Amino acid sequence: MLIASGCTAMHVDASDVQALALGGAFLATGGGGDTLIGEITTGVALEQFGPVALIDVQTLADDALVLAVGGAGSPTIMQEKPSAGDEPRAALETLERYLGRPADALIAFEAGGMNALLPLALAAERKLPVVDADGMGRAFPELQMESFSIYGIQATPLAMATELDNRVLIEHASSPEVAEQLVRQFAVAAGGGHCVSAEHPMSGAEVKRVAVLGTLSLCRHIGAALLKHGPRIDTFVASLEALLAPTHYGEVRLLFRGKVVDMSRRVEGGYDLGLLQIAAFGAAETVEIRIKNEYLTAHCDGQPLALTPDLICILDNETGRPITAETIRYGQRVTVLGIGAPALMRTPRALTVVAPRNFGFDFDYVPIEELPRPSERR
């Protein structure tokens, strides 16, 4: 039995998609892909095939087969060259054929951006439930940064597909880092910089051990708060603190307000790399944010404000909406928030993969709650 007897599931329908997309864009910390495309495709799928059951991880049978699905590659390329729509199903069916059994449920490998929505669209078509959890609690650029890999689940066998109907299955990779490089090379060579993967076959018992819990329903709640409060960012922050208080996430901080004065960005090896500079209103302070698909580090005049794996989220002051790294532009007036990462992504084991030095920075991770508040630095 897939789901324990006597348990009920929450259902997601087309009316929930806008809130899910906004919440996913927020938790994506700048990455995760264009949520507008995901919002449209997921809305259409839910209208055509009906609602999807979003199930609590504890309701999964221990022997259920759960597969993680999502897009990989450059968010900029995903925006410029949208999916054909068949890649998720192609990747999933390729992996199911190899495993010799169909999936019992799907799970997002990250709760950010389009990848928070993609499993729902595919699940609607396949009449499968989606687990209310993911493998990051945010978005990260590389496969080995998923909690599934961090806590010992093999990424392979893994299947990939592109919009040109290129499909490949990796039976075994010696490490998650090797699997990441193979996915990235396939995305660049066969998909122009983007592909969809189905990966990390897990049992229900394993999902309970390694997943970041409650994140898709949290996306919906955060998105609903963004819709409610709009440009009233201070009231949204108060609402966000209340939403996150009972979760695995940590402290919420308003880090900076200002105007985008410089943005350098390039696509390299299937990643979006960049440096963002934001100048304070009426002051000489400037924040620099380093980007590798996601916002990874924020420094003000050389002093850290927030560091990966903690979340750095940027909101447009005019609309209150999250801004992704591939869409942020010169002249935008923004608010920068910092949030403590889920506990599962802060353990010593996780920090060997997601701390600043893993991205080439020459400094160590300091939890956001241990850093001076912006007002304390002055």
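Remember, predicted model here, so these are calculated numbers, not experimental data.
- Looking at Asn317, its side chain does come within 3.5 Å of a backbone N or O of Thr335 through a donor-acceptor pair.
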Next item on the list: Just do the ring pair (Phe, Tyr, Trp, His ring centres under 6.0 Å) check on Phe363 and His299 with the steps written out, would you?
Entry: CA-CA 12 Å; Phe363 46 82; His299 286 77; 5.1 Å; yes
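- Of the charged side-chain nitrogens involved, at least one lies within less than 4.0 Å of a carboxylate oxygen, so that Glu369 and Arg346 count as a salt-bridged pair.
- Put simply, the side chain of Asp132 never gets that close to the backbone of Asp56: no donor and acceptor are under 3.5 Å apart.
- Among residues two or more places apart in sequence or in another chain, the salt bridge (charged side-chain N to carboxylate O under 4.0 Å, His left out) test is passed with Arg290 by none.
- Between Phe236 and Phe26, the ring-plane angle classifies as perpendicular under the 30° and 60° cut-offs.
- The pair Arg138-Glu110 does not meet the salt-bridge criterion, since no charged nitrogen lies less than 4.0 angstrom from a carboxylate oxygen.
- Taking a cutoff of 4.0 Å between a charged side-chain nitrogen and a carboxylate oxygen, Asp316 and Arg333 do not qualify as a salt bridge.
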Note to self: Assess the residue pair Tyr365 and Val354 against the criterion (side-chain contact (heavy atoms from CB on, under 4.5 Å)); give the C-alpha distance rounded to whole Å, side-chain angles, the decisive distance to 0.1 Å, and a yes or no.
What the structure shows: CA-CA 9 Å; Tyr365 169 66; Val354 297; over 6 Å; no
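- Between Leu337 and Leu255 the shortest side-chain heavy-atom distance does not fall below 4.5 Å.
- Two residues are said to be in side-chain contact when any heavy atoms from C-beta on lie closer than 4.5 Å; Phe148 and Pro176 fail this criterion.
- No donor-acceptor contact under 3.5 angstrom links the side chains of His194 and Thr162, judged on distance only.
- Taking the side chain as every heavy atom from C-beta outward, Glu177 and Gln181 never approach each other to under 4.5 Å.
- Counting only distance, with no hydrogens or angles, the side chain of Tyr98 and the backbone of Ile170 share no donor-acceptor pair below 3.5 Å.
- Here the side chain of Asp134 pairs a donor or acceptor atom with the backbone of Ala111 at under 3.5 angstrom.
- Counting heavy atoms from C-beta outward, Leu22 and Arg321 have side chains that approach closer than 4.5 Å.
- Not one N or O on the side chain of Asp262 forms a donor-acceptor pair closer than 3.5 Å with the backbone of Gln277.
- With Asn358 contributing its side chain and Ala355 its backbone, the two residues share a donor-acceptor pair below 3.5 Å.
- Between Asp234 and Arg232 there is no salt bridge, since none of the side-chain N atoms of the basic residue sits less than 4.0 Å from a carboxylate O of the acidic one.
- A donor-acceptor pair shorter than 3.5 Å cannot be found between the side chains of Ser203 and Asp63.
- For Asp86 (side chain) and Asp165 (main-chain N/O), no donor-acceptor pair under 3.5 Å exists by modelled atom type.
- Put simply, NE2 on His200 and CD on Gln154 are 8.0 Å apart, with the number rounded to the nearest 0.5 Å.
- Salt-bridge check for Glu96 with Arg126: passed, with a basic side-chain N closer than 4.0 Å to an acidic carboxylate O.
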Checklist line | side-chain contact (heavy atoms from CB on, under 4.5 Å) evaluation trace for Leu60 with Lys208 | finding: CA-CA 8 Å; Leu60 275 173; Lys208 295 169 188 176; 4.2 Å; yes
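- Separation of atoms CE (Met114) and OG1 (Thr324) is listed at 11.5 Å; rounding is to 0.5 Å.
- With a 4.5 Å cut-off on side-chain heavy atoms, Leu275 and Glu288 count as touching.
- For the atom pair CE (Met160) and CZ (Phe186), the distance works out to 5.5 Å, reported to the nearest 0.5 Å.
- When atom types are taken as modelled, the side chain of Thr327 and the backbone of Ile323 share no donor-acceptor pair closer than 3.5 angstrom.
- Side chain of Thr42 to backbone of Gly38: a donor-acceptor contact under 3.5 angstrom is found.
- When the side chains of ILVMFWY residues are joined at heavy-atom separations under 4.5 Å, either directly or via intervening members, Ile278 and Ile339 end up in two distinct hydrophobic clusters.
- Linking ILVMFWY side-chain heavy atoms closer than 4.5 Å, directly or via other members, places Leu120 and Phe49 in two distinct hydrophobic clusters.
- In this structure, Thr29 and Thr308 have side chains that are not in contact, with every pair of non-hydrogen atoms separated by 4.5 Å or more.
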Checklist line | Full working for side-chain contact (heavy atoms from CB on, under 4.5 Å) between Lys292 and Glu142 | finding: CA-CA 10 Å; Lys292 185 174 183 180; Glu142 297 180 354; 2.9 Å; yes
Notebook entry, point to check: How far apart are the C-alpha atoms of Thr347 and Tyr151, what are their side-chain angles, what is the distance that settles it, and do they pass the side-chain contact (heavy atoms from CB on, under 4.5 Å) test?
Noted result: CA-CA 11 Å; Thr347 67; Tyr151 295 103; 2.7 Å; yes
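- For Glu180, the side-chain hydrogen bond (donor to acceptor under 3.5 Å, both in side chains) criterion is met by Arg184, Tyr271, not counting sequence neighbours.
- Connection of Leu305 to Leu311 is not established within any shared hydrophobic cluster, with ILVMFWY side chains joined at heavy-atom distances below 4.5 Å, either directly or through further cluster members.
- Taken from CZ in Phe256 to CD1 in Ile314, the straight-line distance is 11.0 Å, to the nearest 0.5 Å.
- Taking the charged nitrogens against the carboxylate oxygens, Arg253 and Glu241 have no contact shorter than 4.0 Å, which rules out a salt bridge.
- How far CG of Leu169 is from OG of Ser197: 11.5 Å, rounded to the nearest 0.5 Å.
- Side chains of Glu87 and Arg89 form no contact here, defined as non-hydrogen atoms less than 4.5 Å apart.
- Put simply, Val353 and Leu307 are part of the same group of oily side chains (I, L, V, M, F, W, Y) that touch within less than 4.5 Å, one to the next.
- At a threshold of 4.5 Å between non-hydrogen side-chain atoms, the residues Leu118 and Val69 count as touching.
- With values rounded to the nearest 0.5 angstrom, Leu344 atom CG is found 12.5 Å from Met136 atom CE.
- Looking at Thr235, its side chain never comes within 3.5 Å of a backbone N or O of His229 through a donor-acceptor pair.
- In the hydrophobic clustering of this structure, Leu117 groups with Met10; members are Ile, Leu, Val, Met, Phe, Trp, Tyr whose side-chain heavy atoms approach within less than 4.5 Å, directly or through other members.
- Closest of all the heavy-atom pairs between Ser147 and Val210 is OG-O, 2.7 Å.
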